[in-house]
There are 2 protein chains.
Amino acid sequence: MVNNENTEIKIIEAAKEVFVHKGYDGARMQEIADKAEINKALLHYYFRSKTKLFEKVFNNIFKEIVTGVAASIENSKNIEELIENFVNVYFEELKKKPYIPQFVLHEINRNPEMIVDLIKSNGVDKQKFIGVILKEGNRKDLRPFNPIQILVNVLSMTIFPFVASGIIKGFIFDGDEDAFDTFINERKSHIVEFVQVAIFKK
Amino acid sequence: MVNNENTEIKIIEAAKEVFVHKGYDGARMQEIADKAEINKALLHYYFRSKTKLFEKVFNNIFKEIVTGVAASIENSKNIEELIENFVNVYFEELKKKPYIPQFVLHEINRNPEMIVDLIKSNGVDKQKFIGVILKEGNRKDLRPFNPIQILVNVLSMTIFPFVASGIIKGFIFDGDEDAFDTFINERKSHIVEFVQVAIFKK
DNA sequence: ATTATGTTTAACTATTTGGTTAAACCAGTT
DNA sequence: AACTGGTTTAACCAAATAGTTAAACATAAT
């Protein structure tokens, strides 16, 4: 009984790092071991296989995202608040962990069946997420857009720039990191404004 | 001299299929050979290495996308037309090839340096893409949004649903394919309407 | 028919990589 | 001190996989 807990955490952190940047197929157990400052055998002692380790890490990350979103919309009374809270919380989260969305989307794409178990095992309450937006959908001061479309609009505009940061950076900003950062910082309030202006009548 | 040209095409088509669905790391030369109905040695005879074959395929796909976009916005005189044309053309393209964006974004993420060469070697004229939107930016009947933000909004809303189809399908539509398809079909006109309503004053 | 050139194949090689094994190690318990 | 449990390691194994080789084959030119 020397390390245990500490080691496990170190492994998960290292695995997270490697999996997120290289994907499941591109990740190497050796690299994870190196990054965790242990050797490969110990890695397999803690998590029997690459698949098992990956599942742990992926679940971990997925839970982080879900609880993040849940918290951001928990106290939102109406659609205005919901959008503002979601975009604000999520944007800050993504600025800290910009590689997460691309990773999650790629892995779900690679193995779509996974998502069913994932939602189940994480006890995600769908209603909590789309309930507010559906209920608010028939407010008289809103344009008659399909609320699901609005939801996807907000998700798209918030998440996509991080998923496509490589292209946007290279294509629109000629590789200029600073210009891209400015753009991202400006974006948070832009989305809120843009959506508000679009959904309200008048 | 039996096959040659035909074989090369068959290889590229097979490689495209496999790379797009599995990614570079997940793709296997054997699987590509099988799908092209040849053996691995011939594969290496035509394209010396996995990397070389991948580059060819990726360039190919990238070019398709770029020319697609270029064509869609070529004859657009103002921002209204531009948005409508872009969304229409692109949506139909993506419905036919829904896996392309996720693939491209993942590979660029995996190897960001690639994009510089890619843009260079494809002779992409950036101005053509963002020129119209920048020029139209200070029309008096438009709200004073940053045109780049608008551009990214349109890109996001159009492309993201395909990148995140797995999550959207599973999460919002409980795995119901038909409901998702209906949503996608409705989406094309929704985006156009949504953006128009947002950008125009009054 | 023979030659030359490009095409196709089966069999092989070297390396990478996920995973295993058996022994050493360390701390607390008896 | 000897024992017991989990922990850690170096060395090893087997399978997968990118890439090679050398020979057979087909077609057109001489």
Side-chain angles (χ1 to χ4, degrees), chain A residues 1-61 103 106-107 109-111 113-114 117, chain B residues 1-61 103 106-107 109-111 113-114 117:
Chain A
M1 299 169 185
V2 193
N3 251 327
N4 64 1
E5 202 153 328
N6 199 6
T7 308
E8 187 164 333
I9 292 175
K10 259 177 31 183
I11 291 176
I12 291 189
E13 285 311 305
K16 210 180 266 188
E17 190 88 354
V18 176
F19 278 132
V20 164
H21 283 88
K22 307 274 175 94
Y24 178 83
D25 289 321
R28 296 289 162 252
M29 292 299 265
Q30 188 59 61
E31 193 181 346
I32 295 173
D34 290 348
K35 197 155 270 177
E37 294 175 299
I38 54 166
N39 70 13
K40 228 175 32 166
L42 188 58
L43 195 57
H44 279 90
Y45 173 77
Y46 274 86
F47 303 88
R48 283 183 24 209
S49 66
K50 188 182 180 183
T51 318
K52 289 262 199 319
L53 176 58
F54 176 78
E55 273 166 13
K56 187 95 183 186
V57 167
F58 195 84
N59 251 333
N60 229 323
I61 289 176
F103 165 68
H106 176 250
E107 296 303 331
N109 209 280
R110 196 177 61 89
N111 183 8
E113 304 85 48
M114 183 166 55
D117 304 332
Chain B
M1 296 173 188
V2 192
N3 250 328
N4 63 0
E5 201 154 327
N6 199 6
T7 307
E8 185 163 335
I9 292 174
K10 259 176 30 181
I11 291 177
I12 290 188
E13 285 311 305
K16 212 181 266 188
E17 190 88 355
V18 175
F19 278 133
V20 164
H21 284 88
K22 308 273 176 97
Y24 177 84
D25 289 319
R28 297 289 162 254
M29 293 299 266
Q30 188 60 62
E31 194 181 345
I32 295 173
D34 290 348
K35 196 153 268 175
E37 296 174 297
I38 54 163
N39 69 14
K40 229 173 36 165
L42 188 59
L43 196 55
H44 279 91
Y45 172 77
Y46 274 85
F47 302 88
R48 281 180 29 207
S49 67
K50 188 181 180 183
T51 318
K52 289 263 200 319
L53 176 57
F54 177 79
E55 272 166 14
K56 187 95 180 185
V57 167
F58 195 84
N59 251 334
N60 229 322
I61 288 176
F103 165 67
H106 175 249
E107 295 303 333
N109 209 279
R110 197 176 60 86
N111 185 6
E113 304 85 48
M114 184 166 55
D117 304 333

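Naming: A, B, ... by sequence-line order, numbering from 1 per chain.
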Nucleotide [N], atom [atom2] - distance to [atom1] of [X] in whole Å:
{"X": "B:N6", "N": "C:dT7", "atom1": "CG", "atom2": "P", "answer": "13 Å"}
{"X": "B:L42", "N": "D:dA24", "atom1": "CG", "atom2": "P", "answer": "18 Å"}
{"X": "A:F54", "N": "C:dG18", "atom1": "CZ", "atom2": "P", "answer": "14 Å"}
{"X": "B:K10", "N": "C:dT7", "atom1": "NZ", "atom2": "P", "answer": "14 Å"}
{"X": "B:K22", "N": "D:dT17", "atom1": "NZ", "atom2": "C1'", "answer": "14 Å"}
{"X": "B:Y24", "N": "D:dT17", "atom1": "OH", "atom2": "P", "answer": "13 Å"}
{"X": "B:L43", "N": "C:dA10", "atom1": "CG", "atom2": "P", "answer": "15 Å"}
{"X": "A:I38", "N": "D:dT8", "atom1": "CD1", "atom2": "P", "answer": "8 Å"}

side-chain contact (heavy atoms from CB on, under 4.5 Å) partners of [X], counting only residues at least two apart:
{"X": "B:N111", "result": "B:E113, B:M114"}
{"X": "A:R48", "result": "none"}
{"X": "B:N39", "result": "B:A41, B:L42"}
{"X": "A:D117", "result": "none"}

Give every pair of a protein N or O atom and an N or O atom of nucleotides 13-17 of chain C that lie under 3.5 Å apart, one pair per line with the distance.
residue : atom : partner : partner atom : Å
C:dT17  : OP1  : A:R28   : NE           : 2.5
C:dT17  : O5'  : A:R28   : NE           : 3.4

Query raised in the report: So, A:F103 versus A:F58, ring centres under 6.0 angstrom or not?
Result: yes

Just to verify, what does B:Q30 make a side chain to side chain donor-acceptor pair (under 3.5 Å) with, not counting sequence neighbours?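 Side chain to side chain donor-acceptor pair (under 3.5 Å) check on B:Q30 returns B:D34.
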
Between B:R48 and A:N39, the residue closer to the 5' end of DNA chain D by nearest nucleotide is A:N39

Side-chain contact check for A:Y45: nearest option of D:dT9, C:dT9, D:dT8 is D:dT8

Starting the side chain at C-beta, find the nucleotide from D:dT8, C:dG19, C:dT21 nearest to A:A41.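 Output: C:dT21.
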
*How are the rings of B:H106 and A:H106 set to each other: parallel, tilted or perpendicular (split at 30° and 60°)?*
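Rings of B:H106 and A:H106: parallel, as their planes differ by under 30°.
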
Using only side-chain N and O atoms of A:T7, determine if any of them is under 4.0 Å from OP1 or OP2 of D:dT8. yes

